[in-house]
Amino acid sequence: MQRIFHPTDFSNGGESAFVHALKLAVNANALLEVLHVDRHPEQVTWDDFPQVRETLSQWGLLPEWALPEDVGRLGIGVHKVLLAGNDPVSEILKHLRVHSPDLIVIASHHREGVDRWLHQDISKKIARNSHTSCLFVPHGVDGFVAREDGCVQLQKVVMPIASEPDAAGAIAQCCELARLLDCKSVTATLVHVGDDGEVLSSLAIPDIDGWTWELVVEDGDPAAQILKTADDRGADLIALATQGHHGFLDALRGSTSDQIVRNASCPILAVPAEWHEE
């Protein structure tokens with residue numbers, strides 16, 4: 001993971017997404033790109049952006065008097081980008097076509113009609129059209145990275161599985177995310193809704209030290225069952241596969257994945273089905 005992209009609307013409730021993006025960049029020694037689109041960029045100052053040095057100092061990684069160049073000594077890079085435009089989605093996607101990230105970390109809202117531009121529809125449009133893995137952090141939810149000290153609490157993961165799309169990529173990237181964050185003990189719950197026995201018989205479960213795997217088979221509405229399982233298990237993360245506009249979880253266009261992103265009480269890692277570990 002070499003480049004992490006975080007679009008921001010400067011809202012307080014989206015701060016947790018920035019915290020997750022920064023923690024991943026620190027652990028991966030990656031480039032963190034923080035981008036804001038504004039109709040009036042002349043009114044925006046660099047101080048309006050999420051504060052990288054202040055956060056790293058709070059985590060004990062930098063002294064309070066640290067200079068911008070001190071951030072680079074931690075092995076990470078930070079680019080803050082300000083673009084002018086009335087259509088954030090269009091500007092962001094144009095930027096992503098030139099600067100392809102390995103992961104997008106983005107805030108998602110549980111309700112429509114918020115004042116800022118980074119609401120649910122925009123988050124989904126970016127995810128759907130970027131063809132890039134996205135970590136959604138619900139607006140106002142702490143997630144698995146603590147703002148105060150950068151500590152990680154990623155111990156319980158829920159992963160939906162289905163005949164299509166193949167969940168192997170989502171499982172692999174979730175495992176890689178946990179490894180990157182140095183999570184030694186993880187309980188992963190695989191959720192299948194339906195009676196397709198072939199899916200279960202062909203499932204390849206990774207053999208990873210410290211990981212415990214559980215399989216849950218349910219009937220009923222897929223989104224409701226996945227969300228219920230995540231709530232019952234106290235999940236720190238839901239990892240799901242996406243693929244075009246076909247299949248069980250379909251690139252955040254269908255009702256199942258839309259409901260999961262909209263209603264989950266924890267971050268969601270959405271991985272294109274074609275993703276594979278290099």
Side-chain angles (χ1 to χ4, degrees), residues 1-9 14-36 49-50 52 55 71 74-81 88-89 92-108 118 122-139 141 143-145 150 152 154 157-159 165 167-183 186 236-243 249 251-252 257 260-261 264 266-278:
M1 192 176 295
Q2 297 179 343
R3 182 185 288 264
I4 296 170
F5 178 73
H6 171 57
T8 177
D9 66 350
E15 187 180 65
S16 187
F18 162 71
V19 169
H20 283 66
L22 180 58
K23 180 65 176 182
L24 286 165
V26 169
N27 281 39
N29 295 127
L31 171 66
L32 172 61
E33 193 168 41
V34 184
L35 181 145
H36 177 71
F49 278 78
V52 173
T55 304
V71 175
L74 294 177
I76 70 171
V78 178
H79 287 174
K80 295 182 180 180
V81 181
V89 172
I92 289 171
L93 291 176
K94 282 193 294 186
H95 183 85
L96 291 176
R97 282 192 286 270
V98 179
H99 308 278
S100 300
D102 299 300
L103 179 69
I104 298 172
V105 182
I106 190 166
S108 62
L118 198 55
I122 288 181
S123 300
K124 289 192 298 178
K125 288 176 182 176
I126 294 171
R128 182 171 68 233
N129 292 288
S130 66
H131 308 293
T132 302
S133 296
C134 291
L135 177 64
F136 293 94
V137 183
H139 201 268
V141 170
F144 51 79
V145 179
V152 176
L154 181 57
V157 178
V158 167
M159 305 180 189
I171 293 174
Q173 190 162 6
C174 182
C175 294
E176 173 62 15
L177 190 74
R179 184 199 65 78
L180 188 63
L181 294 172
D182 199 29
C183 302
V186 177
D236 302 305
L237 177 70
I238 299 173
L240 54 85
T242 65
Q243 177 179 327
L249 298 170
L252 305 181
S257 47
I260 291 173
V261 173
C266 65
I268 306 99
L269 178 65
V271 180
E274 63 271 17
W275 187 91
H276 63 282
E277 189 173 9
E278 297 296 340

Any idea which heavy atoms bring [X] and [Y] closest together, and the distance?
| X | Y | answer |
| --- | --- | --- |
| Leu135 | Leu237 | CD1-CD1, 3.9 Å |
| Ala170 | Ala241 | CB-N, 3.8 Å |
| Val34 | Pro50 | CG1-CD, 4.1 Å |
| Pro138 | Ala264 | CG-O, 3.8 Å |

What is the distance from atom [atom1] of [X] to atom [atom2] of [Y], rounded to the nearest 0.5 Å?
| X | Y | atom1 | atom2 | answer |
| --- | --- | --- | --- | --- |
| Arg3 | Leu31 | CZ | CG | 5.0 Å |
| Phe136 | Ile260 | CZ | CD1 | 11.5 Å |
| Leu240 | Leu269 | CG | CG | 7.5 Å |
| Thr8 | Glu15 | OG1 | CD | 9.5 Å |
| His131 | Asn129 | NE2 | CG | 6.0 Å |
| Ile106 | Ile126 | CD1 | CD1 | 3.5 Å |

Tell me, do [X] and [Y] make a side-chain contact under 4.5 Å, heavy atoms counted?
| X | Y | value |
| --- | --- | --- |
| Val157 | Val186 | yes |
| Gln173 | Ser133 | yes |
| Cys266 | Asp236 | no |

Subject >> His139 (side chain) donor-acceptor with Ala107 (main chain) under 3.5 angstrom >> reply: no
Subject >> Verdict with reasoning, Leu32 to Val105, per side-chain contact (heavy atoms from CB on, under 4.5 Å) >> reply: CA-CA 10 Å; Leu32 172 61; Val105 182; over 6 Å; no
**OP:** Quick one: list whatever passes ring-ring contact (aromatic ring centres under 6.0 Å, His included) with His99, sequence neighbours left out.
**Re:** His95
Subject >> Under the side chain to side chain contact (heavy atoms under 4.5 Å, CB included) test, residues paired with Ser130 that sit two or more places apart >> reply: Leu93, Leu96, Ile104, Thr132, Cys134
Identify each donor-acceptor pair in which a side-chain atom of residues 16-30 lies under 3.5 Å from a protein atom, sequence neighbours left out, and give them as a table.
from, atom 1, to, atom 2, distance (Å)
Ser16, OG, Val141, O, 2.9
Ser16, OG, Asp142, O, 2.8
His20, ND1, Ser16, O, 2.8
His20, NE2, Phe144, N, 3.0
His20, NE2, Val145, N, 3.4
Lys23, NZ, Gly150, O, 3.1
Asn27, ND2, Leu180, O, 3.0
Asn29, ND2, Leu74, O, 3.3

Subject >> Contacts of type salt bridge (charged side-chain N to carboxylate O under 4.0 Å, His left out), residue Lys80, not counting sequence neighbours >> reply: none
